[in-house]
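Notes follow the structure.
Source: prediction; values computed, not measured.
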Amino acid sequence: IAKTEEEFADGTVTDLLNQGVLKNWLQRAEDAEEDSPYPIHSSKPFIIELELSGEYKDTYYIGEALNLEGIVITAHWSTGDTTTVPLSDVEVTGYDNSKRAVCLLTLKYGIANAETVVTVLQKETPGDKNEITVYFTLLGDEDHEDTGQGGPTHGLSMGGLQTWIPQTRYTVDINATAEDVFREALGDAGIEFKGDSNNSYNTLYISGIKSPKTGDWIEEFTNGSKSGWMFTVNGKHGNLGLAQQFLDDGDRIVFHYTDDWTKESDTQKWGDGDTSNTGTPVMARHTCSMAEQAPDSVPLTTATETLSQA
């Protein structure tokens, strides 16, 4: 947005610049330079990056206090210098010890932030049954003409999907996640998938699964700009990734393809389908959980191997 000479001279532009991450802009004095008055960078050093290292506790139990003893916090300055920042000088937010969770901690020092992930688990009780039973279904699709170009629109809500893994029972650890069950189920079925955990929460993002029927890779965007993989837990698409979604006894997971995520249930709160910020549909981040499609008449197979927390 263009600014006027008056806005440069009266400090309006300087104030706007200081709303950014680096708040190191000053208003040049009227007679300091030939082209005064304009915003200039302060010569005062500022932090350009906060780096975390060291060995510190990253797994906790419900009710346990956060303890980051051993973490090393290094500030990188605009001068090229580095300093070690005491933990007591840092603001830490994002920890929740009230439930099983993958917590994204934000450490803030001055204008700089750094993030790290810790996990909160349920403590096993000696003598108790520290296992739960859950169910998993995988529903896939075929590679067809893009939905936006006259092709069909398949999905959990719209129908037309293929059963790649029928509803299957798994006995898992009380701290198992949807990612644990997903890996076990596809491993048992010999179905290949593509994915990575290169994101803030280290949660597995599934970009594609190889069809056991045709051998084709059915991936994000295979059937259009809004197509990709999603999941529900007990019939609902949620806002957690696979590794964040802890499970309870009796939970039913349905991992499914969709040709248009905006037509699936519970997705209205995810926005209008704009992909400009992430480059992928919101649902493709797996900030979701899944709806059950397999009918009660689908035969159950049983998996008895116990999974531990990933």
Run the side-chain contact (heavy atoms from CB on, under 4.5 Å) check on Thr147 and Lys226 step by step: do they pass?
CA-CA 9 Å; Thr147 295; Lys226 296 180 180 179; over 6 Å; no
Could you go through the side-chain contact (heavy atoms from CB on, under 4.5 Å) check for Ile47 and Tyr109 one step at a time?
CA-CA 9 Å; Ile47 299 174; Tyr109 179 68; 3.2 Å; yes
Could you go step by step and tell me if Glu51 and Thr82 meet the side-chain contact (heavy atoms from CB on, under 4.5 Å) rule?
CA-CA 10 Å; Glu51 179 185 1; Thr82 59; over 6 Å; no
Side chain to side chain donor-acceptor pair (under 3.5 Å) between Ser207 and Glu219, worked out
CA-CA 6 Å; Ser207 59; Glu219 303 182 80; 4.8 Å; no
Working for side chain to side chain donor-acceptor pair (under 3.5 Å), residues Gln244 and Thr203:
CA-CA 7 Å; Gln244 299 168 272; Thr203 188; 4.6 Å; no
Please step through side-chain contact (heavy atoms from CB on, under 4.5 Å) for the pair Phe246 and Val120, ending with a clear verdict.
CA-CA 10 Å; Phe246 288 92; Val120 180; over 6 Å; no
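Remark: Lys210 engages Glu192 in a salt bridge, criterion side-chain N to carboxylate O under 4.0 Å.
At a cut-off of 3.5 Å, with distance as the only test, no side-chain donor of Asp173 or Asn130 sits close to an acceptor on the other residue. Between the side chains of Asn223 and His154, not a single donor N or O lies within less than 3.5 Å of an accepting N or O. Between the side chains of Thr171 and Glu131, no donor-acceptor pair of N or O atoms lies under 3.5 Å. For the 3.5 Å distance criterion, the side chains of Thr137 and Gln167 fail to qualify, holding no donor opposite an acceptor.
In terms of heavy atoms, Asp259 sits closest to Asp141 at OD1-OD2, 3.0 Å. Taking each heavy atom of Leu50 and Ala114 in turn, the nearest pair found is O-CB, 3.5 Å. Among all heavy-atom pairs drawn from Pro45 and Ser78, the shortest one is CA-OG, 3.4 Å. Annotation for Glu115 and Ser200: closest pair OE1-OG, 3.9 Å, computed over non-hydrogen atoms. Across Ile191 and Ile165, no two heavy atoms sit closer than the pair CD1-CG1, 3.8 Å. Contact between Pro39 and Phe8 at its shortest, heavy atoms only, is CD-CD2, 3.7 Å.
Between Trp229 and Trp164, the two ring planes are tilted [angle within 30° to 60°].
Contact check for Thr133 versus Arg169: side-chain heavy atoms found under the 4.5 Å cut-off. Here the side chains of Thr177 and Gln245 are not in contact, with every heavy-atom distance at 4.5 Å or above.
Within the structure, every pair that satisfies the side chain to side chain donor-acceptor pair (under 3.5 Å) test and touches residues 93-106, not counting sequence neighbours, is listed here: Asp96-Ser98, Arg100-Asp248.
For Pro86, the side-chain contact (heavy atoms from CB on, under 4.5 Å) partners two or more places apart in sequence, or in a different chain, are Ser88, Asp89. For Tyr61, the side-chain hydrogen bond (donor to acceptor under 3.5 Å, both in side chains) test picks out no residue, with sequence neighbours left out.
Counted within 6.0 Å of NZ on Lys3, heavy atoms from surrounding residues, nucleotides or ligands total more than 12; the atom is thus considered enclosed. Residue Lys123 places its NZ atom among 12 or fewer non-hydrogen atoms of other residues, nucleotides or ligands, all under 6.0 Å distant.
To the nearest 0.5 Å, atom CD of residue Gln162 and atom NZ of residue Lys213 are 5.5 Å apart.
Residues Met158 and Phe255 are members of separate hydrophobic clusters, defined by side-chain heavy-atom contacts under 4.5 angstrom among Ile, Leu, Val, Met, Phe, Trp and Tyr. One hydrophobic cluster holds both Val13 and Tyr38 under the rule that ILVMFWY side chains link at heavy-atom gaps under 4.5 Å. Under a hydrophobic-cluster definition in which Ile, Leu, Val, Met, Phe, Trp and Tyr are linked whenever side-chain heavy atoms come within less than 4.5 Å, directly or via other members, Val72 and Tyr56 are assigned to different clusters. Under the 4.5 Å side-chain contact rule for hydrophobic residues, Ile40 and Leu16 do not share a cluster. Val92 and Val85 fall within the same hydrophobic cluster, defined by Ile, Leu, Val, Met, Phe, Trp and Tyr side-chain heavy atoms under 4.5 Å apart, directly or through other members.
The side chain to side chain contact (heavy atoms under 4.5 Å, CB included) test with Ile73 singles out one residue from Leu52, Leu68, Thr84, Thr83, and that residue is Leu52.
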